[in-house]
Amino acid sequence: MSLETTFLNHTFKNPLMNASGVHCMTVAELGELAHSQAGAFITKSCTLEKRAGNPEPRYYDVPLGSINSMGLPNLGFSYYLDYALSYEKLHAEKQPLFFSIAGMSAKENLEMLKLIEASDFQGITELNLSCPNVPGKPQLAYDFEATADLLAQVFQVFTKPLGIKLPPYFDFAHFDQMATILNQYPIAYVNSINSIGNGLYIDPKSDTVVIKPKDGFGGLGGEYVKPTALANVRAFYTRLKPEIKIIGTGGIRNGQDAFEHLLCGASMVQIGTELHKEGVAIFERITQELAMIMDEKGYQTIDEFRGKLRVMS
Ligand code: FMN
């Protein structure tokens, strides 16, 4: 039996990755991911200039997941591009790196994409249109017109493989509308979902919020978000043209959760909150659990069940 996964013409030893923003801010963290059992890994979403992000405390583990309002702290575009290029030089035989960007404006996104296009970077770029935690900046992918405008400009300047990180949607009309936009472009994949934006968690002892920015409002991850994540993976898997692959992110804590994302149609899966709680050893645990589930169900490869969710007639 094998967990090998082919994605965008590359073969990965398994479909597991970190989710951008978790364990990928520094070269040290990225190095730990590179040496972990993850099939692939992605860098922290970056902006052209480095950012300190929001005031702390800005992340809080809760029993059913996490709430955060990091505000895109990152070490700046050049830091991650330098890392990516040196990683590629050292590991020419290895799988491609995923490189996440999240400009504060369309102009900044286009500028970063042009720099990646002009560089020797051979990996896969992920454009994050869904950060919920920057005060004053709405999540771009909730503005359908602005997303369509941006994508039209992106594909005039960018020809390397590009994925789009989406926020969760909650309405069939929105799944339809976004899929219609995405289907017009040579997008390599969509990644669903980013955090569910602007939840509120209250500490019952002190009657106080648990994070400082935005009076306690923050993005939710972990167990809370799995049903929404699965719904988004499934909705886009059934609406997007087959050339656009899906990365499933949200609420993965064990092999069963990963299996369900794959069953809904994900090609790769990413882990955020639970990686934050458990560290990189999680990749070994979840690959083992996924392999056991496949064994019990008699599957030799992921392709035998990917997308094959059963519905009631
Ligand atoms: N998503 C991004 O695309 N870029 C980021 O920089 C980013 N930063 C995050 C930082 C933290 C601390 C957390 C918890 C999440 C962040 N996310 C970011 C969202 C995750 O990548 C992921 O989509 C979300 O947490 C849902 O996955 P989970 O349920 O496994 O946590």
Side-chain angles (χ1 to χ4, degrees), residues 16-26 29-30 33 38 41-47 50-51 53-54 56-77 79-80 98-104 109 112 124-134 137 139-141 163-169 189-199 201 210-211 213 218-233 246-254 257-258 260-261 266 268-278 282-283 286:
L16 303 184
M17 301 176 62
N18 66 306
S20 181
V22 178
H23 211 98
C24 56
M25 178 93 80
T26 62
E29 288 178 331
L30 290 162
L33 286 170
F41 64 103
I42 185 166
T43 56
K44 167 73 187 172
S45 294
C46 65
T47 45
K50 70 176 176 190
R51 282 172 59 86
N54 293 338
E56 305 206 27
R58 57 192 183 182
Y59 177 96
Y60 196 82
D61 280 323
V62 299
L64 292 180
S66 64
I67 182 165
N68 89 84
S69 182
M70 304 297 288
L72 272 179
N74 74 89
L75 296 166
F77 176 81
Y79 179 91
Y80 299 104
F98 288 67
F99 188 90
S100 175
I101 62 167
M104 291 289 121
N109 279 322
M112 287 191 282
I124 297 163
T125 304
E126 184 167 294
L127 175 59
N128 174 4
L129 298 184
S130 49
C131 181
N133 300 323
V134 180
K137 296 273 173 199
Q139 293 166 77
L140 189 88
I164 307 290
K165 179 93 176 262
L166 292 176
Y169 298 98
Y189 71 88
V190 301
N191 183 346
S192 286
I193 58 172
N194 210 315
S195 320
I196 296 185
N198 297 307
Y201 188 88
V210 293
I211 53 174
L220 302 177
E223 191 174 350
Y224 283 127
V225 311
K226 188 179 83 167
T228 299
L230 292 176
N232 276 260
V233 169
I246 317 272
I247 295 185
T249 304
I252 297 177
R253 296 176 303 136
N254 54 43
D257 300 326
E260 290 173 15
H261 269 268
M268 310 276 291
V269 297
Q270 296 185 346
I271 306 170
T273 299
E274 200 62 27
L275 167 62
H276 189 277
K277 290 184 179 181
E278 238 176 281
I282 193 173
F283 295 111
I286 295 193

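Atoms within a ligand are numbered from 1 in the order they appear, just like the ligands themselves. Residues: numbered from 1 along the sequence shown.
- For the atom pair OG1 (T43) and OH (Y80), the distance works out to 7.5 Å, reported to the nearest 0.5 Å.
- The shortest N/O to N/O separation between S66 and ligand 1 does not fall below 3.5 Å.
- The ligand atoms of ligand 1 that sit less than 4.0 angstrom from a heavy atom of Y59 are 12 (C), 14 (C).
- A donor-acceptor contact closer than 3.5 angstrom is absent between the side chains of N232 and S192.
- A distance-only check finds no donor-acceptor pair linking the side chain of S45 to the backbone of S100 [under 3.5 Å].
- In this structure, the side chain of R51 engages the main chain of L72 through a donor-acceptor pair within 3.5 Å.
- By the criterion of a heavy-atom distance under 4.0 Å, neither the backbone nor the side chain of H276 is placed next to ligand 1.
- Not a single N or O atom of L72, backbone or side chain, sits closer than 3.5 Å to an N or O atom of ligand 1.
- Listed for the H261 side chain is a donor-acceptor partner under 3.5 Å among the backbone atoms of G250.
- Nearest-residue assignment for atom 24 (C) of ligand 1 (options G219, G272, S195; heavy-atom criterion): S195.
- Of the possible donor and acceptor atoms, none in the side chain of S66 sits under 3.5 Å from a partner among the backbone N and O of T273.
- Listed by number with element, the atoms of ligand 1 under 4.0 angstrom from any heavy atom of G221 are 29 (O), 31 (O).
- Using a 4.0 Å cut-off between heavy atoms, I193 contacts ligand 1 through its backbone alone, with no side-chain atom that close.
- The shortest N/O to N/O separation between N68 and ligand 1 does not fall below 3.5 Å.
- The closest side-chain heavy-atom distance from N18 to F283 is below 4.5 Å.
- Taking every non-hydrogen atom of N128 and a distance limit under 4.0 Å, the qualifying atoms of ligand 1 come out as 2 (C), 3 (O), 4 (N).
- Shown in contact with S45 at under 4.0 Å from a heavy atom are these atoms of ligand 1, numbered in order with element: 2 (C), 3 (O), 4 (N), 5 (C), 6 (O).
- Counting heavy atoms closer than 4.0 Å to ligand 1, residue T273 contributes atoms from both its backbone and its side chain.
- Put simply, the residue from I252, I247, T249 that forms a side chain to side chain contact (heavy atoms under 4.5 Å, CB included) with V269 is I252.
- Distances between N or O atoms of E274 and those of ligand 1 include no value under 3.5 Å.
- Backbone and side-chain nitrogen or oxygen atoms of G222 are examined, and one is located within less than 3.5 angstrom of a nitrogen or oxygen of ligand 1.
- A donor-acceptor pair under 3.5 Å links the side-chain atoms of N74 to the main chain of T47, judged by distance alone.
- At least one heavy atom of G250 sits closer than 4.0 Å to an atom of ligand 1.
- Residue T249 places no N or O, backbone or side chain, under 3.5 Å from any N or O of ligand 1.
- Of all atoms in ligand 1, listed by their number and element, those nearer than 4.0 Å to a heavy atom of K44 are 5 (C), 6 (O), 7 (C), 8 (N).
- For the pair E29 and K44, the salt-bridge criterion is not met [side-chain N within less than 4.0 Å of a carboxylate O].
- Ring geometry for F77 versus F99: interplanar angle over 60°, hence perpendicular rather than tilted (30 to 60°).
- Closest to atom 19 (C) of ligand 1 among all protein heavy atoms lies N194 OD1, 3.2 Å.
- The contact set between ligand 1 and V225, taken as ligand atoms under 4.0 Å from a residue heavy atom, comprises 29 (O).
- At the top of the distance list for atom 1 (N) of ligand 1, counting protein heavy atoms only, stands K165 NZ, 3.1 Å.
- Which parts of ligand 1 touch G251 is read off a 4.0 Å heavy-atom cut-off, strictly below it: atoms 28 (P), 29 (O), 30 (O).
- R58 places no side-chain N or O within 3.5 Å of a backbone atom of P213 that could act as its donor or acceptor partner.
- At least one donor-acceptor pair under 3.5 Å links the side chain of N54 to the backbone N or O of S69.
- Comparing heavy-atom distances from atom 17 (N) of ligand 1 across A229, G21, S20, G65 singles out S20 as nearest.
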